Amino acid sequence: MTDPEQSETAGEVRAAGDRALLVIPPLHAMIAELVSALRPRPAGVVDVLPAAETVLVTLASPAAAEQVRKHLRALLARLDAAARVGVGDRSLPERPIATLGGDDIAAEPLVIPVRYDGADLAEVARLLGLTPEQVIAEHTGTVWRCAFVGFAPGFGYLESPDGRLTVPRRTQSRTAIPAGAVALAGGYSAVYPRESPGGWQLIGTTDLTMWQVDREPPALVRAGSRVRFLDVGVRA
Amino acid sequence: MSGLRVERVGPLATIQDLGRPGWFESGVGTAGAADRASLRLANRLVGNPEGAAGVEVLLGGLELLAERHATVAVTGAAAPITVDDRPMGSASVLEMEEGQRLRLGFAATGLRVYVAVRGGVEVAPVLGSRSRDTLSGIGPEPLRAGDVLPLGPPPRDWPIVDVAPVPALGGDLLTLRAMPGPRADWFADAAALFAGEWTVSSETDRIGARLDRRTGPTLRRSVSGELPTEGMALGSVQVPPSGQPVVFLADHPITGGYPVIAVVVDADVDAVAQARPGQPLRFRRLE
């Protein structure tokens with residue numbers, strides 16, 4: 001058993017000033033487990049923000065840094081050890097998706113009804129060498145998981161377990177994308193919660209209100225949420 | 001409902017408290033007063049809890065009419081203060097009778113003035129806070145002439161001093177303590193940030209203060225790839241490809257895609273929020 005303080009293989013905890021720590025786990029797939037393990041918040045932790053490859057942990061005070069850092073290092077060591085035991089290499093063990101991620105994970109995935117009428121659907125199909133119907137089948141045929149939220153309140157970066165439908169951003173971004181636009185870019189899918197500029201490829205539209213400030217919780221999709229898209233069968 | 005009627009606003013006046021921590025999961029940042037120490041002080045002067053909502057005024061130009069008796073305090077940037085044309089001191093307890101007007105001139109130094117009122121500005125909180133987040137558009141709308149600021153019930157505590165001596169905000173060289181950032185290793189020489197001087201550019205707002213180089217080496221990246229989106233802490237010094245750094249303030253985006261070379265320590269973030277365009281500053285390295 002290695003001392004978690006000495007372990008060189010269990011990722012890193014870097015200072016982000018005196019009121020935050022940036023956790024860099026050795027595996028991207030550990031982010032969901034880290035987020036899950038940090039809920040409820042350990043003493044001294046104000047908020048937890050997962051992103052593509054890191055988790056930012058903000059602190060109640062600079063004095064909490066040492067204790068929280070220790071806690072995070074121990075957590076990383078534990079996850080790393082579990083990953084090694086699981087399959088003998090650096091990938092996470094296979095396990096039911098229900099044990100990964102946030103506290104709404106055990107629940108049924110959120111269903112988002114979509115009209116696949118996006119302006120870039122044909123282009124996405126061309127980029128992937130598929131027909132538009134195949135793109136829709138791929139998009140609706142998987143359970144997406146919200147890896148992190150950013151860009152705007154309620155804008156969740158949804159990833160699929162197999163990285164399906166990975167397309168680049170548009171070369172020219174649009175100045176106004178309407179609220180409810182369903183889009184793809186960089187391996188993620190997302191729904192624009194409000195009108196905003198953006199460079200993602202638009203494949204459809206939903207009528208669901210993704211973000212409503214006086215609703216509890218205001219964001220339909222949060223870090224850890226699982227999502228399934230449903231084709232409501234109306235074409236452009 | 002009576003309270004303080006907004007008769008005039010300058011460039012921007014928003015309602016602020018100490019923000020809404022704990023909403024990252026929904027993609028919402030903390031916001032809150034850009035200069036938290038000044039809001040706290042103003043609240044203490046009028047006997048409020050430190051986190052009561054007050055008004056954050058950019059530069060000055062605010063005029064408030066008391067529709068009933070109100071106890072107020074003005075802190076932060078040194079804007080001339082009058083109550084019915086009588087000059088008043090900054091960081092002092094001001095009693096306004098019904099019908100009296102508080103006017104703020106424009107600050108000669110500093111950027112943000114804070115007005116606290118006994119009982120606090122009691123607009124409806126959004127996600128637990130009365131702060132306006134100018135990036136995400138959450139919270140009470142910026143003040144407009146004709147708005148009435150509703151006042152909460154007076155707290156149990158009474159003001160314990162008449163005036164709090166605070167050092168004036170100067171326009172001279174500002175020294176900010178900063179720790180090496182989580183992506184300092186993305187730069188050819190991260191120490192370059194701490195060498196020489198910077199000036200605050202005209203692009204400074206509640207989201208961040210952009211800096212121009214005054215003297216010293218440029219910030220050059222050694223890793224040219226794109227940084228996968230990651231969380232950004234308050235005070236982060238983010239460096240876009242231009243090499244012109246931005247210090248993230250209260251309404252900063254919670255994630256970003258440019259490397260953070262250093263992070264201003266929490267206690268010095270308030271000073272960045274008060275730094276005016278053209279003001280020189282330097283970073284002092286703190287481990």
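Chain identifiers are assigned alphabetically (A, B, ...) following the order of the sequence lines, protein sequences preceding nucleic acid strands; residue numbering begins at 1 within each chain. Not measured: the values here are computed from a predicted model.
- Inter-residue side-chain proximity for Ile138(B) and Trp211(A) is flagged as met; some heavy-atom pair is nearer than 4.5 Å.
- For Leu227(B), no part lies under 4.5 angstrom from a heavy atom of chain A.
- Between Glu230(B) and Leu22(A), the closest side-chain pair of non-hydrogen atoms falls below 4.5 Å.
- Between chain A and the residues Asp133(B), Asp185(B), Val264(B), the largest count of heavy-atom pairs under 4.5 Å involves Asp185(B).
- Each of Gly22(B), Pro253(B), Ala233(B), Ala178(B) has some count of heavy-atom pairs under 4.5 Å with chain A, and the biggest count is that of Gly22(B).
- Rounded to the nearest 0.5 angstrom, Leu56(A) CG and Phe24(B) CZ are separated by 6.5 Å.
- The CG atom of Asp47(A) sits 8.0 Å away from the CD1 atom of Ile254(B) when rounded to the nearest 0.5 Å.
- Applying the 6.0 Å contact sphere to OH of Tyr258(B) captures no more than 12 heavy atoms from other residues, nucleotides or ligands.
- Comment: Asp18(A) does not engage Arg177(B) in a salt bridge, judged by the lack of any side-chain N to carboxylate O separation of less than 4.0 angstrom.
- Across Pro217(A), Ala219(A), Pro218(A), Ser61(A), the residue that shares the most heavy-atom pairs under 4.5 angstrom with chain B is Pro218(A).
- Between Leu135(B) and Arg194(A), the shortest heavy-atom distance links the atoms O-NH2, 3.6 Å.
- At a 4.5 Å heavy-atom cutoff, the contact between Ala16(A) and chain B is made by backbone and side-chain atoms alike.
- Per-residue counts of heavy-atom pairs under 4.5 Å with chain A were compared for Thr255(B), Thr229(B), Leu286(B); the largest is that of Thr229(B).
- The environment of CZ in Arg41(A) is crowded: more than 12 heavy-atom neighbours from other residues, nucleotides or ligands sit within 6.0 Å.
- Using a 4.5 Å cut-off between heavy atoms, Ile24(A) contacts chain B through its side chain alone, with no backbone atom that close.
- Residue contact with chain A, scored on non-hydrogen atoms closer than 4.5 Å, involves the backbone and the side chain of Pro182(B) alike.
- Among Val237(B), Val260(B), Leu127(B), the residue making the largest number of heavy-atom pairs under 4.5 Å with chain A is Leu127(B).
- Neither the backbone nor the side chain of Glu12(A) comes within contact range of chain B; no heavy atom of the residue lies under 4.5 Å from a heavy atom of that chain.
- Of all the heavy atoms in Arg14(A) and Arg183(B), the pair that sits closest is NH1-NH1, 3.9 Å.
- No more than 12 heavy atoms of other residues, nucleotides or ligands shown are found within 6.0 angstrom of CZ on Arg144(B).
- Contacts of Val48(A) with chain B are made by backbone atoms alone, with heavy-atom separations under 4.5 Å and no side-chain atom involved.
- The candidate with the highest count of non-hydrogen atom pairs below 4.5 Å against chain B, out of Ala15(A), Ala152(A), Gly150(A), is Ala15(A).
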